[in-house]
Amino acid sequence: MDLTNLNKNQKKAVEKIGLPVLVFAGAGSGKTRVLTYKIAYLINEIGLPPENILAVTFTNKAAQEMKSRVFELVNQDISGINIGTFHSISAQILRREIHNLGFSNSFTIYDQQDSRSLVKKVIKNLNLDLKQIEPKSFQTRISNAKNSLLSVEHFKNFSDNYSDKKFYEIYKSYQEELKNCDSLDFDDLLLLPLKLFKEFPDRLQKYRNKFQYVLVDEYQDTNKPQFEFIYSLANEHKNIFVVGDDDQSIYGWRGADISNILNFREAFGESHIEKLEQNYRSTNNILQAAWSVVSKNTNRSEKKLWTENGSGDLINLLESFDDRHEAKQIYNLVLKFKNNLNEIAILYRTNSQSRIIEDRLRIENIPYQIIGGVKFYDRKEIKDVLAYIRLLVNNNDSISFERIINFPPRGIGKSSLEKINEFYLTTSNSYLDLLNSINEINLGQKQKVSLNDFLGLIKKYKSEIDFKKGSEIVKSMIQDLQLENYYLKQKTDESIDRWNNIQEFLAGIEEFEINNPESNLVEYLEEISLLTDIDRWNDSENRVTLMTVHSSKGLEFDNIVIAGLEDGLFPIIRSFEDDNIEEERRLFYVALTRAKKSVNISYAKSRRQFGGSPIITTKSRFIKEIPEKIINYNLVHKKTNHPTDNYRKINKFSNPRNSSNEIVVNSLVEHKVFGKGKVLKIEGIGDNSKLTIKFYNNVVKKLIYKYANLTIIKG
DNA sequence: GGCGTTTTCATTTGT
DNA sequence: TGAAAACGCC
């Protein structure tokens with residue numbers, strides 16, 4: 001097999017067989033290339049059948065890409081290969097095996113929202129005060145416990161104070177409720193395979209035999225259950241190959257354990273460790289900035305990226321008066337890539353920062369795409385329709401039942417629901433059982449009719465599952481429910497949007513059916529519950545991408561903007577105990593190393609919270625960790641004039657898109673730092689042209705147009 | 001008892 | 001600013 005496309009270290013990692021391999025792969029060092037070549041090498045040179053290979057990636061999109069790249073390299077049928085995220089691989093195993101653990105094979109996967117609703121339900125059922133016992137914090141505690149492999153039993157005797165005692169009860173009851181609902185939360189998806197392997201050694205043996213070679217990407221972000229999963233599959237044959245970078249570990253808060261990568265050798269014994277330090281992505285200045293930041297961390301393995309690329313542009317620093325002004329300045333920057341908007345991405349620490357930037361881009365008609373935040377499948381109208389589908393598939397799904405029992409409104413409110421629940425809990429095995437005993441429930445006549453109609457509808461469509469196409473079932477159900485009328489009669493922009501989203505959702509089911517002709521609704525539900533925005537992301541369209549730094553992991557862009565570099569926001573600072581400044585720093589490192597050509601870091605001197613009045617902020621300490629000599633300060637305002645009024649007027653009454661590009665010799669311009677000046681000479685054309693300007697204090701400066709951010713006083 | 005309206009209160013990060 | 005909870009009217 002031709003490995004000439006690999007450098008020396010990459011090649012060594014690919015060819016090493018017979019020992020566990022750990023590859024420390026720095027940002028942009030060709031990690032994906034090594035993984036794909038390794039898999040292709042196993043198939044082509046070692047003769048391993050694709051179905052005996054397990055490769056775990058961080059996103060579904062990455063899995064798809066890896067699959068097609070391996071296919072290009074090996075040129076044979078690899079449809080049996082197992083590539084996916086931890087969650088999707090686990091779900092696949094459980095669909096076959098979960099009956100051993102007392103669930104049905106059409107179990108439902110609860111997302112965070114569903115799981116929170118269930119926690120809340122449990123707290124209510126235990127007659128606890130929702131104000132004292134916050135569902136959100138208990139959900140987090142349950143999730144943390146699971147990520148630390150701590151079962152309900154573990155907390156039985158750790159019940160000193162009120163809150164701990166209640167935690168045990170809630171955790172216990174929550175797990176029971178999940179089982180009653182025939183449902184798993186995201187964490188259980190990882191835990192149940194471990195339980196299966198433990199209780200049914202023959203199942204473990206089966207999967208050990210099946211997965212003869214195990215590869216893991218982004219190994220630094222694996223948590224305890226994920227490690228156990230990999231370890232139980234691979235510790236016997238030791239055919240394991242992991243790739244990661246401890247400097248890019250940014251998921252500690254959800255249990256990712258950096259010691260998994262740092263202690264790889266202790267876990268798997270004698271191993272081959274390879275370091276990839278040549279970076280093929282970024283300029284030297286970007287790497288220098290990234291290095292000066294991350295090297296401040298103490299707990300890291302020693303390595304330093306280098307590149308044969310030139311030094312490139314300086315790191316541009318943007319200073320803004322407030323968050324709106326920041327959005328405006330970012331828009332100005334984006335404008336320079338008007339015809340290649342997919343060459344620039346805007347990154348931020350928190351999703352809430354996206355709105356103000358989004359507003360500006362929308363006003364200016366710049367196409368954009370936001371990843372994360374409220375996901376498509378998390379929208380209320382979509383979740384409502386999904387709840388109907390889930391209830392058809394799983395008649396024990398309480399969360400879905402409660403979501404739609406009165407949507408669209410059918411006169412069954414809070415107190416009716418309580419009565420139904422009470423009856424259901426004592427008498428029935430599934431919600432459909434209620435159909436036979438509606439008259440025994442203590443409900444009003446109107447409510448009885450409504451409930452009967454509702455359950456009748458579920459029953460009718462359930463009976464069609466095996467012989468009708470999912471999309472047809474859903475379409476006809478939506479018609480029965482008269483959702484179109486429900487939304488369109490409201491005649492608000494919002495309700496029209498919602499109806500359009502439902503149409504888009506329907507189209508999505510049809511598309512899924514075309515791509516998966518043998519599939520049913522259960523598989524469709526699984527697919528979308530494990531899908532993220534990144535997986536749906538189209539990176540070839542002419543649109544600016546907005547996303548959190550977390551979402552940007554593993555991606556690259558020509559140019560990036562990192563917004564909101566203020567102390568408290570990035571790095572985020574909440575309380576004194578659980579702040580993790582080193583992880584914040586790694587996060588900033590990840591952000592910087594996404595860029596190939598240019599990095600623009602931005603901060604605002606004041607920022608609004610919850611849409612209130614602006615609060616004074618402090619510039620991020622991370623900015624000071626970048627050497628001054630590689631920062632371009634041209635966009636930093638030295639004057640303290642309030643720009644707000646100015647740009648508001650401009651946007652309202654004039655077209656800002658024609659306000660640039662009109663500089664000629666002798667033009668009068670104003671620069672943010674140097675003040676007013678006269679253009680003496682123009683060398684080159686367009687954004688990269690070099691301007692010689694004589695400022696009013698007789699200082700002559702040569703400035704590159706695109707960085708100078710000049711205001712034209714007279715063209 | 002249900003449903004529309006007002007008030008409150010919250011923002012890390014995500015499978 | 002926006003979603004969920006509390007409120008108060010029919």
Side-chain angles (χ1 to χ4, degrees), chain A residues 56-60 84-91 109-117 120 130-131 134-137 140 143 146-147 184-191 218 221-223 225-226 249-256 323 347-356 358-359 371-375 377-380 406-419 443-444 446-447 450 490 494 526 528-535 547-553 564 568-575 578-580 583-584 586-588 590-591 607-613:
Chain A
V56 185
T57 56
F58 206 69
T59 65
N60 295 296
T85 62
F86 274 105
H87 287 85
S88 68
I89 299 283
S90 297
I109 298 169
Y110 277 176
D111 66 20
Q112 204 179 14
Q113 226 182 94
D114 304 321
S115 138
R116 183 165 308 167
S117 306
K120 202 170 150 190
L130 279 170
K131 274 179 192 139
E134 284 179 307
K136 202 176 83 183
S137 83
T140 308
S143 182
K146 290 182 174 182
N147 285 331
L184 311 186
D185 64 17
F186 282 135
D187 301 318
D188 283 348
L189 224 39
L190 302 173
L191 292 177
E218 306 283 6
D221 280 324
T222 50
N223 63 19
Q226 290 166 340
S249 164
I250 55 174
Y251 283 95
W253 52 276
R254 68 174 199 209
D323 45 353
L347 310 181
Y348 35 76
R349 178 67 239 266
T350 65
N351 280 306
S352 57
Q353 288 167 259
S354 70
R355 184 185 299 135
I356 198 154
E358 179 184 11
D359 286 348
I371 308 293
V374 178
K375 297 180 196 79
Y377 295 106
D378 285 346
R379 287 164 194 268
K380 186 193 171 297
N406 202 30
F407 177 86
R410 49 173 72 85
I412 300 183
K414 218 166 132 193
S415 62
S416 298
L417 176 63
E418 266 172 38
K419 286 171 191 160
L443 289 176
K446 196 182 146 222
Q447 279 74 23
S450 286
Q490 297 174 37
E494 193 195 334
E526 176 171 314
I528 61 171
S529 50
L530 299 179
L531 219 54
T532 65
D533 267 10
I534 285 280
D535 301 323
M547 66 174 95
T548 62
V549 181
H550 280 94
S551 298
S552 76
K553 192 175 82 158
L569 182 60
F570 199 173
I572 213 154
I573 295 166
R574 281 174 81 216
S575 64
D578 62 347
D579 289 333
N580 188 343
E583 183 153 313
E584 293 295 310
R586 290 192 294 267
L587 198 52
F588 187 46
V590 168
R607 184 173 294 275
R608 290 166 181 80
Q609 245 181 347
F610 313 130
S613 49

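Keep in mind that the numbers below use all heavy atoms, side chains included, and drop hydrogens, waters and symmetry copies. Just so we're on the same page: letters track the sequence lines, and every chain starts at 1.
Distance A:D535 CG to B:dT15 P: 8 Å, rounded to the nearest Å. Straight-line distance from the CD1 atom of A:I109 to the P atom of B:dT15: 13 Å, rounded to whole Å. The distance from atom CD1 of A:I250 to atom C1' of B:dT15 is 13 Å, rounded to the nearest whole Å. Rounded to whole Å, the distance from CD on A:E584 to C1' on B:dT13 is 8 Å. Rounded to an integer number of Å, the gap from CD of A:E358 to P of C:dT1 is 14 Å. Across the protein-nucleic acid pair, A:I572 atom CD1 and B:dT13 atom C1' stand 8 Å apart, rounded to whole Å. Going from atom CZ of A:F186 over to atom P of B:dG14 covers 13 Å, rounded to whole Å. Between A:L417 atom CG and B:dG1 atom C1' the separation is 13 Å, expressed in whole Å.
Of all nucleotides listed (B:dT15, B:dT13, B:dG1), B:dT15 comes nearest to the side chain of A:H87. For A:H550, whose side chain is taken as the heavy atoms from C-beta onward, the closest listed nucleotide among B:dG1, B:dC3, B:dT13 is B:dT13. Comparing B:dG14, B:dT13, B:dG2 against the side chain of A:Y251 picks out B:dG14 as the nearest. Nearest nucleotide to the A:T532 side chain, out of B:dT13, B:dT15, B:dG1: B:dT15. When distances are taken from the side chain of A:S416 to each of B:dG1, B:dC3, B:dT13, the shortest belongs to B:dG1.
A 4.5 Å side-chain heavy-atom check between A:T222 and A:Y251 finds every atom pair outside the cut-off. At least one side-chain heavy atom of A:R349 sits under 4.5 Å from a side-chain heavy atom of A:H550.
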Taking protein heavy atoms under 4.0 Å as touching, what does nucleotides 2-10 of chain C look like 5' to 3' if B marks base contact, S marks sugar-phosphate-only contact and - marks none?
S--SS----

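Using a 4.0 Å cut-off, no side-chain N or O of A:S551 falls inside it from OP1 or OP2 of B:dT13. Contact check, A:T548 against B:dG14: a side-chain N or O comes under 4.0 Å of OP1 or OP2. Contact check, A:N147 against B:dT15: no side-chain N or O comes under 4.0 Å of OP1 or OP2.
Only the P atoms considered, B:dT13 is 16 Å distant from C:dA4, to the nearest whole Å.
A:F407 carries A:K380 over the face of its six-membered ring, with the cationic atom under 6.0 Å from the centre and within 45° of the normal.
Nucleic acid contact class of A:S352 (heavy atoms, under 4.0 Å, all strands): base. A:D187 comes within 4.0 angstrom of no nucleic acid atom, judged by non-hydrogen atoms across all strands. Across all strands, A:S529 comes closer than 4.0 Å to no nucleic acid atom at all (heavy-atom distances). Within the nucleic acid shown, A:N406 comes within 4.0 Å of sugar-phosphate atoms alone, with no base atom in reach, counting heavy atoms only.
The nearest pair of heavy atoms linking A:V590 to A:S552 is CG1-OG, 4.3 Å.
Mapping A:Q609 and A:F58 onto DNA chain B by nearest heavy atom places A:Q609 closer to the 5' end of the strand. For the pair A:R116 and A:K419, nearest-nucleotide mapping onto DNA chain B gives the more 5' position to A:K419.
A:D535 and A:T532 are linked by a side-chain donor-acceptor pair at a separation below 3.5 angstrom, with hydrogens and angles left out of the test. A donor and an acceptor atom, one from each side chain of A:T350 and A:Q353, are located under 3.5 Å apart.
A salt bridge links A:R586 and A:E583; the closest N-O separation between the charged side-chain nitrogens and carboxylate oxygens is under 4.0 Å.
Taking only distance into account, the side chain of A:Q112 meets the base of B:dG14 through a donor-acceptor pair shorter than 3.5 Å.
Within the 3.5 Å criterion, the main-chain N or O of A:I371 finds no donor-acceptor partner in the side chain of A:D533. A:D188 contributes no side-chain N or O that, together with a main-chain N or O of A:L191, makes up a donor-acceptor pair within less than 3.5 Å.
Stacking between A:W253 and B:dT13 is present: the aromatic ring centre lies within less than 5.5 angstrom of the base six-membered ring centre, and the two planes differ by under 30 degrees.
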